[in-house]
Amino acid sequence: MKTPGRLIGPHLQVHQGLRNAADRAREIGATAVQVFTDNPTAWRRRAAPPAELAEFRARLAGGGIRSLAIHAPYLVNLCGADDEFWARSVVTMAHELTVGRDFGADFVVMHIGSHRGEERSAGIERLVCGLGAVLREADQAAGGQAGIPRLVLENSAGMGDGIGSSLEDLSDILGAAVDAGLPLERLGVCLDTAHLWGAGYDVGSAAWLEGFAERSERLLGRENVVMLHLNDSRTELGSRLDRHEHIGAGKMGHEGLRDLLNHPWLGTLPTFLETPGMDAGYDVLNLDRARLLADGQALPTLPPEAFTLRRSAARSGPPAA
Ligand SMILES: [Zn+2]
């Protein structure tokens, strides 16, 4: 399969240990991997790094996996007005960044969050203040900036009071970060195709990409868009919902994703899949589908059971050592 140099791979479940996850990444030919470092739906973080961490890093490196992303826990919200929640989010994200350094990660990606009924501009102000605090705390904890991953903001589908579902929102956030004196080379944007679709960007149409890439470049700057989440969607265009589907088998279809993977700029970004059934063998299936699309080949039809998978019971971090 001709995908030389492309950094692509799944969000791997690591509940059976980091070593197994690294071996799985190698086995399926991934060149990039995303993981949780701990339980993504809890505040509590392990005090010490997982025992298998050194082995995990060695096996990834030996297996040709050249980009690692950490997905931050879902509870984090740096945009809201609740001080306690905000402070907790800062501590948690600073922790993710320092742990991300221990993992050798390039990116720690987080959901932007919700202003919870406040003004959008107030939410962005809170967020930027939080991002600054996160970077400072992480540097302090790590004794310097060296090796600290980029703190990456993921576009949202736009549910509720969520910020960051439009390129304009993302642009305003980066602008506010610059105004606050934050170094953009330590921040970044992740574009999730399913979230774009939920937010009303017609990722499925043949013509979407030209205008979208041009606007992204103008509003965000090429150097600030650092990774992709490649997912199809189960919901309608503009639904504001976030329901991922197998590549090329959801509502957006395959043409837009194919063009994205072949785009001279966006198609070269490290790409991570967050499709269903990662721990049920669908990791390799979706990775293969992405590789087929990138090569301009037709996608096989999926069996009916692919669409009735239980929501993964394993959205978790590595087991306690
Ligand atoms: Zn995502």
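Start at 1 and go down the list; that is how both ligands and their atoms are numbered. Below, all heavy atoms of this structure are taken into account, side chains as well, without hydrogens, waters or symmetry copies. Being a predicted model, the structure only gives us computed values, none of them experimental. Sequential numbering from 1 along the given sequence is applied to the chain's residues.
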Under the side-chain hydrogen bond (donor to acceptor under 3.5 Å, both in side chains) rule, what do Thr41 and Asn39 come out as? Steps first, then yes or no, please.
CA-CA 6 Å; Thr41 58; Asn39 183 349; 3.0 Å; yes
N-O pairing of Arg120 and Asp172 below 4.0 Å
yes
Taking only protein atoms, how many N, O or S atoms are found under 2.8 Å from the Zn ion (ligand 1)?
4
Name all pairs fulfilling the salt bridge (Lys or Arg N to Asp or Glu O under 4.0 Å) condition that reach into residues 217-232, sequence neighbours left out, sorted by first residue then second.
Glu214-Arg218, Glu217-Arg222
I'd like to know whether the aromatic ring centres of His11 and His244 sit less than 6.0 Å apart in this structure.
no
Hydrophobic cluster identity match, Val189 and Ile163, side-chain contacts under 4.5 Å
yes
Answer with yes or no after comparing the ring centroid distance for His246 and Phe307 against a 6.0 Å cut-off, counting only values under it.
yes
